[in-house]
Amino acid sequence: VGGVDLAFVIDNTGSMSEEIGAVRTALAQFIADTVVATVAADKPFPTVAVVPFVDAPSVQVISNNPATLQAVVAAQFASGGGDCPEPSNNAVLTAGRLLKKRGVAILFTDADSDFNGPNQATVDSYFASKELRLSVLLSGSCSGLGGDSRPGPAPLASRGGSANEE
């Protein structure tokens with residue numbers, strides 16, 4: 001596709017039960033604020049992908065219609081999963097493949113990335129090749145391992161290149 005400006009990558013696993021309401025609220029406000037900013041600047045609303053994941057990522061919607069995006073965001077809920085880590089790097093790569101050059105992915109998760117999936121270096125390399133940016137909201141680590149939490153606060157902060165934490 002390659003025409004997406006922004007991707008919301010949302011962990012919808014059961015462990016997000018306490019956080020998913022705040023994710024919905026933050027994204028709804030972000031969409032509303034973006035409407036105001038784009039109207040004021042006489043610019044089109046960006047094309048946004050919503051990429052939720054439980055056991056695997058899916059592309060739920062690609063749209064530049066704020067009402068459509070608000071409805072999809074409002075319908076996000078946490079369930080399933082039950083294991084840790086989660087496929088966040090796989091979901092981030094799925095979003096990255098949709099993003100156009102210099103696009104932005106925003107990841108909402110409370111879990112480490114699955115060690116059997118793509119690693120941080122793969123994500124970094126792909127994002128750097130398209131000059132993409134990655135912002136991460138990470139409310140915790142489900143494994144307690146630290147190490148290569150992929151993505152996690154320390155590794156992302158040192159990523160440099162284009163996969164920068166904002």
How close do [X] and [Y] get, counting heavy atoms only, and between which atoms?
X: Ile20; Y: Asp11; result: CD1-O, 4.0 Å
X: Thr38; Y: Pro44; result: CG2-O, 3.7 Å
X: Asn89; Y: Asn119; result: ND2-C, 3.7 Å
X: Ser113; Y: Pro87; result: OG-C, 4.4 Å
X: Phe77; Y: Arg24; result: CA-NH1, 4.3 Å
X: Gln70; Y: Ala32; result: NE2-N, 3.8 Å

As an exercise, state the distance from [atom1] of [X] to [atom2] of [Y], rounded to the nearest 0.5 Å.
X: Asp5; Y: Thr47; atom1: CG; atom2: OG1; value: 5.0 Å
X: Asp114; Y: Ser88; atom1: CG; atom2: OG; value: 8.5 Å
X: Asp124; Y: Ser129; atom1: CG; atom2: OG; value: 11.0 Å
X: Thr34; Y: Leu6; atom1: OG1; atom2: CG; value: 7.5 Å
X: Thr109; Y: Glu86; atom1: OG1; atom2: CD; value: 7.0 Å
X: Glu131; Y: Lys101; atom1: CD; atom2: NZ; value: 4.0 Å

- Task: Check the pair Asn12 / Ser79 against side chain to side chain contact (heavy atoms under 4.5 Å, CB included), numbers first and verdict last.
- Result: CA-CA 6 Å; Asn12 279 343; Ser79 69; over 6 Å; no
Are [X] and [Y] side-chain neighbours, meaning at least one heavy-atom pair lies under 4.5 Å?
X: Tyr126; Y: Leu132; result: yes
X: Val50; Y: Ile10; result: yes
X: Val136; Y: Leu134; result: yes
X: Val104; Y: Ile106; result: yes
X: Phe108; Y: Leu27; result: yes
X: Asp110; Y: Leu137; result: no
X: Phe53; Y: Ser58; result: no
X: Ile62; Y: Val4; result: yes

- Task: Could I get the full list of side chain to side chain donor-acceptor pair (under 3.5 Å) partners for Gln60, not counting sequence neighbours?
- Result: Gln76
- Message: For residues Val39 and Phe30: do they belong to one hydrophobic cluster (side chain heavy atoms under 4.5 Å, members Ile, Leu, Val, Met, Phe, Trp, Tyr)?
- Response: yes
- Query: Just checking, is any N or O donor in the side chain of Ser63 or Asn65 under 3.5 Å from an acceptor N or O on the other one?
  - Reply: no
Using atom types as modelled and distance alone, determine if a side-chain donor or acceptor of [X] lies under 3.5 Å from a backbone N or O of [Y].
X: Thr25; Y: Gly21; result: yes
X: Ser17; Y: Gly14; result: yes
X: Ser125; Y: Ala121; result: no
X: Lys130; Y: Leu99; result: yes

- For Val23 and Met16, run side chain to side chain contact (heavy atoms under 4.5 Å, CB included): C-alpha distance rounded to whole Å, both residues' side-chain angles, the deciding distance at 0.1 Å, then the answer. CA-CA 9 Å; Val23 170; Met16 287 287 289; 4.0 Å; yes
